Structure formats: C-alpha cells, structure tokens
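Here is the structure we will look at.
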Amino acid sequence: MDAQTFNARVATPTTRLVGAMAIVSLAWVVIGGLFITPKDVDQGDAVRIMYVHVPTAWVAYLAFIVTAVASACWLLSRKHSMGFDRVAGASAEVGVVFMAMTLLSGSLWGRITWGTYWAWDPRLTTTSFLLVTYIGYLAVRGLGGSLEQRARRSAVIALLAVLEIPLVHFSVLMWRSLHQKASVLSGDGDIKMDGSMLTTLLVGVIGFTMTFAWLVLHRQRVLAMQDAMQMTQLDAALRERADESKGLK
Amino acid sequence: MSTQLSLGRVARAVAAKDLRIEMRSRVVVNQVFPFAGLVMVMFAFALDNDDVLTRVAGGLVWLATLFSLIVIIQRSFAVDTADGALEAQRVAGLDPAGIFVGKALAVMVQLVTLEIMLFVAAVVLYRVQLHADGAVLLVTCVLSATAGLSLVGTLYGGLTAGSRGRETLLPLLMLPVVAPVLIGATRATESAFTSGGAAVSDGWPWVGVLVVFAAVFGLGGILSFGSLIEE
C-alpha cells in the first residue's frame, strides 16, 4: 500500500457517527449517573462508581475477545490480511487502558463498600492476570521484525492467552472455594435496581462500547499508516542503495 | 534424505543433545542449583519464623522452582541461539513440534532433579514432615507440575529466544501463564506435607488441574512452536 493513498483527514462518516453516539451516551451517563439516579440504600453515593466500573469491565473483556478473534482470523485466513493484525493490536491497546480503569475504579469502590482495596476474589484475580497478559502481548508486538513476524507471533500469543485465562480463573476459583467459604462479591447478583439506575448503566455500556469502537477504528488506521511508512522507508532505503551501486559502476 | 524423522525421534535426539550439553558444561548444576538453594535460605531470612516456614514450605519450594525455571529456560535457548543452532535445526528439516517436546523433556529432567534437592532442603531447613501416603501425592504432583512448567517455559522461551533485549520479556510472559501451576502445586504439596491441617486427600483434585494444564499447553505448544521460532 502506498502512503499517498491515505487522506490526511482520518475521519469517515462511520467514525464520526460512532464518535457522536459515544459523546451523547457518555454525556447521558455523566448526567444520569451523577444527578438523576438515586443513592443506593446501603452504599449511598458510592454506587455511582458502578456506572463507570461495569461498562469499563465489559469493554475490557470485549477488547480481549476482539483481539483473540482478529488473531484467529489472521492465522486462518489464506491472505493473512494485515488488517486483522492491526485490529487485534489496536483492540489490545484500548483493552489495557480499560482494564486498568476497571481495576482502579473497582478497588476504589471496594475500599468504600468492603473496606479494602483488594480481595482475592476469582473475578478480581483473573482480571488482573488478564491485564498482565495483555501488557505482555503488547510487548511482543513491540519486538520488531517484519510485519508478518509481528502478526504471526502476536496472534499465537493472543490465542495462548485464551488457553491461559480460563485455567487461571478456574484454579483461583478452586483455590478460593477451598479456603474462603463466602466471597465478598457473592450476593451482589440479586440486588434490586431502580429503573433509572438500570437505564443509566445500560447507556453506560453502550457509550463505552461506542468509545471503544471509535478508538479502535482510529487506532488501527494510525497503525496502518505507521506500517505503510515503515514499508515506504524500506523501499526508499533500498532505492538509495541501488542508486549508490549504480553510481559506482 | 527423503524420509522425515518422527516427532518422537526428533524429541529424543533434541533432549539427549540438551542434556549432553548440560552434562559437559554443568552450567545448571553449578550455577542454577546453588542459586535455588540460596533462594530457600533467603526465604528463611525474610520470614524469620519457624512455624510460618513449616506452614508455607510448599509454596516456597515452588517459588524457588519458578525462579530457577526462568534461568533454566534462558540457558536452554542460549545454547541454541548462540551459533544459530535453532535455525540450523529448522533448516535441517526437523519437525518444530519435535524440537519443542525434546527441549521441554530436557528442561523437565533438570527441573525434577532440582526439585528433589529443594524438597530435601525443605525437610532440613523448614522442618516439614512427609509420610508414606503423602509421598505418593508429592511425586505425582512434582511430575505433573513440572511437565506443565517445562512445556510453558519452552513455549515462551522459544518466542523470546534470539535477538537482543528479549530475555527480559520471558518472566513477564511466562509467570502469569504458570500461575495455575503455582496455585495447584502449592496446594497439593501442602496436602502432602499435611501442613496447616490439610488432609492428603485434599491434594488430589489439584493434581488433576496440573495434568489438565500440562495437556493443554503441551498440545498448544506442539501446534504453535513452529510459528513462534520462525524468523
């Protein structure tokens, strides 16, 4: 692909639409989450962290799934289209940010409601392992080499992570169930939720998902440009060497 | 040569080669084994309580094993990448899955030897007690856990082998993956030692986890090792 084919303006009607939807729904979450929804009977204002915490957790896991699926598509597709690889990479980068936000907002919420920043709950532990695995995945992407090498290595790493995470989750689950009868998080499931709270949470999930889509769309386009630039520079360097050797003759 | 060597023959040859190099160079025996012993002593300094040491002995043995695993894996691939031997093996047409299994086998032999030493150290330094029924559990646990550790270590070692700066990436990639082994092997070992009031029978479900782990990553490694070492 030639670098000149890229337009300087990277937005398209699709990304603009996604971006606008993200802004509108996030604005709704801010207003609904901070002002309209009632306080929780037990948690008071602390429950408002939920409107950020739950959507970011959802997006983080979604990002991980997108990376895994895009990696599998790259490996299985006959053409090995680099688009799959770039979507996998972009999604992982955004996923790391959202996963860190999930852990941060979760531990602040935990401090207020459980009295502790951290509990060795299977869900928490698995999420933190997912974060570390993702960071490792991004490090593998940064190892250098050809685009093909980067794509192949990182795709395998992403799929190995799919093997790893259920094993980590299951072993932590088994570990905790043997040592600690009731988990701090259990019992949260049957909380009765006010209608406006549920709506705000739902809009939050939609808004953060739109933000994720917007970020990934733009990020993979930037990655495409970086890749194209790398190729152009390589071509230029090759031409230069060729010219040099012509001059010598 | 037209006939392709079978996976088993490649694995045996590669494992024999790695172990022969170790027999002649004695790098793991002379450097990694003392390092692991040192770690065991350092744990005692850090925890500074006989009862606590006895209680957590199983976990400390496996932590020392994990630290040593990092060094052993780096060594295992250092001998192959130094002279481009890994590429030579690929160019020679060896099945990458065979190379993977062979290197993992060699690592496993070295690790099991190391673990025997560490468990003796735990009995001597940390005053743990081992009974006959616990010993059966312990041996099964050591074999299944070490298989998983060697397979994962070789898999990620293959990825990080080679050019500069990648060695530092190995622990970051490998340690999160082997976390289930640390949990499972530690619980099973505590049961074998009956430390903290654990019963020997509590340990067997964990051995099941360790076996599943080794099987999953053994299969994953056989399928993907070729892609990872390809340059």
Side-chain angles (χ1 to χ4, degrees), chain A residues 64 68 71-72 74-76 80 85 96 99 120 122 124-180, chain B residues 59 145 148 151-152 155-156 158-166 168-188 190-191 196-199 202-203 205-206 208-221 223-231:
Chain A
F64 181 61
S71 302
W74 186 88
L75 277 175
L76 296 177
H80 287 320
D85 172 63
V96 163
M99 205 150 269
W120 291 103
L124 285 180
T125 314
T126 307
T127 308
S128 64
F129 270 89
L130 209 45
L131 177 68
V132 177
T133 306
Y134 250 139
I135 293 173
Y137 169 85
L138 291 180
V140 169
R141 291 190 71 86
L143 278 178
S146 71
L147 298 182
E148 169 99 11
Q149 268 174 9
R150 181 191 72 190
R152 168 165 291 123
R153 271 194 214 119
S154 53
V156 172
I157 290 295
L159 293 182
L160 286 174
V162 176
L163 293 183
E164 169 207 340
I165 292 305
L167 281 165
V168 168
H169 189 75
F170 177 71
S171 57
V172 176
L173 204 67
M174 197 166 146
W175 168 44
R176 288 282 84 174
S177 66
L178 285 178
H179 280 240
Q180 177 188 306
Chain B
L151 290 165
V152 170
L155 187 52
Y156 287 89
L159 171 72
T160 53
S163 60
R164 68 280 157 224
R166 293 193 199 170
T168 45
L169 196 53
L170 179 65
L172 173 64
L173 291 177
M174 189 174 73
L175 290 182
V177 182
V178 296
V181 177
L182 179 64
I183 297 176
T186 303
R187 296 289 95 75
E190 280 175 1
S191 298
D202 291 345
W206 288 111
V209 173
L210 295 174
V211 170
V212 169
F213 182 92
V216 165
F217 277 96
L219 196 65
L223 292 177
S224 63
F225 194 67
S227 307
L228 286 182
I229 58 171
E230 204 170 89
E231 286 301 325

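Just so we're clear, the structure is a prediction, and the values are computed from it rather than from any experiment. Below, read A as the first sequence line, B as the second, and so on, with proteins coming before strands; counting in each chain starts at 1.
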Once you round to the nearest 0.5 Å, how far does OG1 of A:Thr125 lie from CD1 of B:Ile183?
-> 7.5 Å
Region of B:Val209 that comes under 4.5 Å of a non-hydrogen atom in chain A = side chain
Part of A:Val168 within contact of chain B (heavy atom distance under 4.5 Å) = both
Separation of A:Ile157 CD1 from B:Leu228 CG (nearest 0.5 Å) = 5.5 Å
Between B:Gly220 and A:Leu163, the two heavy atoms sitting closest are CA-CD1, 4.4 Å
Would you please test B:Leu169 and A:Leu143 for side-chain contact (heavy atoms from CB on, under 4.5 Å) and show each step?
-> CA-CA 10 Å; B:Leu169 196 53; A:Leu143 278 178; 3.8 Å; yes
What distance do B:Leu175 atom CG and A:Phe129 atom CZ have between them, rounded to the nearest 0.5 Å?
-> 9.0 Å
Point-to-point distance, once rounded to the nearest 0.5 Å, from OG of A:Ser171 to CZ of B:Phe213 | 8.5 Å
CD-CG distance between A:Glu164 and B:Leu173, expressed to the nearest 0.5 angstrom | 9.5 Å
Checking heavy atoms, do the side chain of B:Leu155, its backbone, both or neither come under 4.5 Å from chain A?
-> side chain
Of the non-hydrogen atoms in A:Trp175 and B:Trp206, which two are nearest, and what is the gap between them?
-> N-CH2, 3.4 Å
What one should report as the nearest heavy-atom pair of B:Pro205 and A:Met174 is CB-CE, 3.5 Å
What's the shortest heavy-atom distance between A:Gly136 and B:Leu172, and which atoms?
-> CA-CD2, 3.8 Å
Derivation of the side-chain contact (heavy atoms from CB on, under 4.5 Å) call for B:Tyr156 and A:Leu160 = CA-CA 10 Å; B:Tyr156 287 89; A:Leu160 286 174; 3.5 Å; yes
